[in-house]
**Student:** 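Here it is: the structure, laid out below.
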Amino acid sequence: GAGVSQSPRYKVAKRGQDVALRCDPISGHVSLFWYQQALGQGPEFLTYFQNEAQLDKSGLPSDRFFAERPEGSVSTLKIQRTQQEDSAVYLCASSPRGQGAYEQYFGPGTRLTVT
Amino acid sequence: AQSVSQHNHHVILSEAASLELGCNYSYGGTVNLFWYVQYPGQHLQLLLKYFSGDPLVKGIKGFEAEFIKSKFSFNLRKPSVQWSDTAEYFCAVLSSNTGKLIFGQGTTLQVKP
């Protein structure tokens, strides 16, 4: 079946531009996570949705980062006024249930380069 | 604070050699542990997971890991690696409060044919 998809796969932005990254989770998955992976590092948590509710946004690095999942399926991560330190791979993951010991299924990521 | 530490950042092995990648975690609650793998050009995939029960868990492609509670460790092993195992390996612990994964910084495994 279809896995988690993300678009675009690659994005180059000039410093100061706004970007929007899209995630399509596996159909029916309740939980959706965003992670940021800097070069040579493991993924770091950004934010978590259970259906349309954003239950945890403690990992968002600044108020320039905003995420939404208005209908409980597709999610968008928006970064305003991009900075060079925002360059990273942004990973989306979904899980079939709410909070609990469940596997997370990852998408291919969006590689953002800010010039 | 919860954290995961992977001691080996870059490992180079010849085919048929045995593999052990170290992972230690710092977490006081119920522990759920994972190993994920990222092959070149591909997305993160689950290798294996530990939720409860038998501390020796077996995953895909001949990998296994042992949860040793007294050592706060969850090391990944494979008795005989293949060239196709060349990839980046990530250990992670699940935060039961929020369901988020806390990852180690990863180990790059290079297997020489």
Side-chain angles (χ1 to χ4, degrees), chain A residues 2-7 9-10 21 23-26 29-51 53-60 67 69 88-111, chain B residues 1-10 21-27 29-53 57 59-60 67 74 76 87-108:
Chain A
V4 178
S5 61
Q6 294 185 244
S7 60
R9 292 292 310 279
Y10 302 91
L21 312 180
C23 171
D24 284 80
I26 294 172
H29 275 197
V30 168
S31 295
L32 186 146
F33 300 82
W34 284 98
Y35 294 86
Q36 180 191 58
Q37 186 176 16
L39 190 64
Q41 302 295 317
E44 292 193 0
F45 170 79
L46 292 176
T47 188
Y48 162 62
F49 290 86
Q50 185 171 315
N51 296 309
Q54 189 175 21
L55 299 187
D56 186 351
K57 54 182 181 179
S58 62
L60 296 177
R69 193 186 185 198
V89 176
Y90 290 85
L91 298 170
C92 177
S94 70
S95 183
R97 300 285 189 272
Q99 295 174 8
Y102 299 106
E103 174 185 350
Q104 293 180 23
Y105 298 81
F106 283 82
T110 294
R111 182 178 297 278
Chain B
Q2 303 158 6
S3 65
V4 175
S5 176
Q6 294 182 240
H7 316 297
N8 318 101
H9 301 306
H10 196 167
L21 301 183
C23 173
N24 286 91
Y25 63 91
S26 169
Y27 185 63
T30 301
V31 177
N32 299 295
L33 295 157
F34 302 80
W35 275 96
Y36 278 86
V37 61
Q38 189 167 27
Y39 297 105
Q42 297 188 26
H43 58 276
L44 277 167
Q45 302 171 40
L46 182 70
L47 262 183
L48 49 77
K49 60 191 176 190
Y50 171 79
F51 289 164
S52 64
V57 292
I60 60 171
F67 168 56
F74 190 56
L76 181 70
E88 191 148 18
Y89 293 80
F90 294 94
C91 181
V93 65
L94 184 73
S95 169
S96 58
N97 292 336
T98 62
K100 68 184 181 186
L101 287 170
I102 300 164
F103 286 88
Q105 69 179 108
T107 297
T108 301

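Residue numbers start from 1 in every chain, and the chains themselves are labelled A, B, ... in the order their sequence lines are given, proteins ahead of strands.
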**Student:** Below 4.5 Å from any heavy atom of chain B, which atoms of A:Ser58 appear? Answer side chain, backbone, both or neither.
**Tutor:**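 For A:Ser58, the contact with chain B is made by the side chain alone.
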
**Student:** Which one of A:Gly59, A:Pro43, A:Pro108 has the most heavy-atom pairs closer than 4.5 Å to chain B?
**Tutor:**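 Heavy-atom pairs under 4.5 Å are most numerous for A:Pro43.
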
**Student:** Counting neighbours of OH on B:Tyr39 that are heavy atoms of other residues, nucleotides or ligands and sit closer than 6.0 Å, is the number greater than 12?
**Tutor:**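 Yes, the 6.0 Å shell around OH holds more than 12 heavy atoms from other groups.
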
**Student:** Applying the side chain to side chain donor-acceptor pair (under 3.5 Å) test to A:Thr47, which of A:Lys57, A:Gln54, A:Arg69 qualifies?
**Tutor:**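 Exactly one option meets the side chain to side chain donor-acceptor pair (under 3.5 Å) with A:Thr47, and it is A:Gln54.
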
**Student:** Taking side chain as everything from C-beta outward and backbone as N, CA, C, O, which of these in A:Glu44 sits under 4.5 Å from a heavy atom of chain B? Side chain, backbone, both or neither.
**Tutor:**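 Neither; nothing under 4.5 Å.
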
**Student:** Heavy-atom distance under 4.5 Å to chain A: side chain of B:Lys100, backbone, both or neither?
**Tutor:**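 Backbone plus side chain of B:Lys100, per the 4.5 Å heavy-atom cut-off to chain A.
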
**Student:** Quick one: closest heavy-atom pair of A:Val4 and A:Tyr105, and the distance?
**Tutor:**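 Result for this residue pair: CG2-O, 3.3 Å.
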
**Student:** Below 30° counts as parallel, above 60° as perpendicular, anything between as tilted: where do the rings of B:Tyr50 and B:Phe74 land?
**Tutor:**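 The arrangement is tilted - the two ring planes meet at 30° to 60°.
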
**Student:** For atom CG of A:Leu39, is the number of surrounding heavy atoms from other residues, nucleotides or ligands below 6.0 Å larger than 12?
**Tutor:**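 At most 12 heavy atoms, drawn from other residues, nucleotides or ligands, come within 6.0 Å of this atom.
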
**Student:** What part of B:Glu88 is in contact with chain A, defined as an atom under 4.5 angstrom from a non-hydrogen atom: side chain, backbone, both or neither?
**Tutor:**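 Interface part for B:Glu88: neither.
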
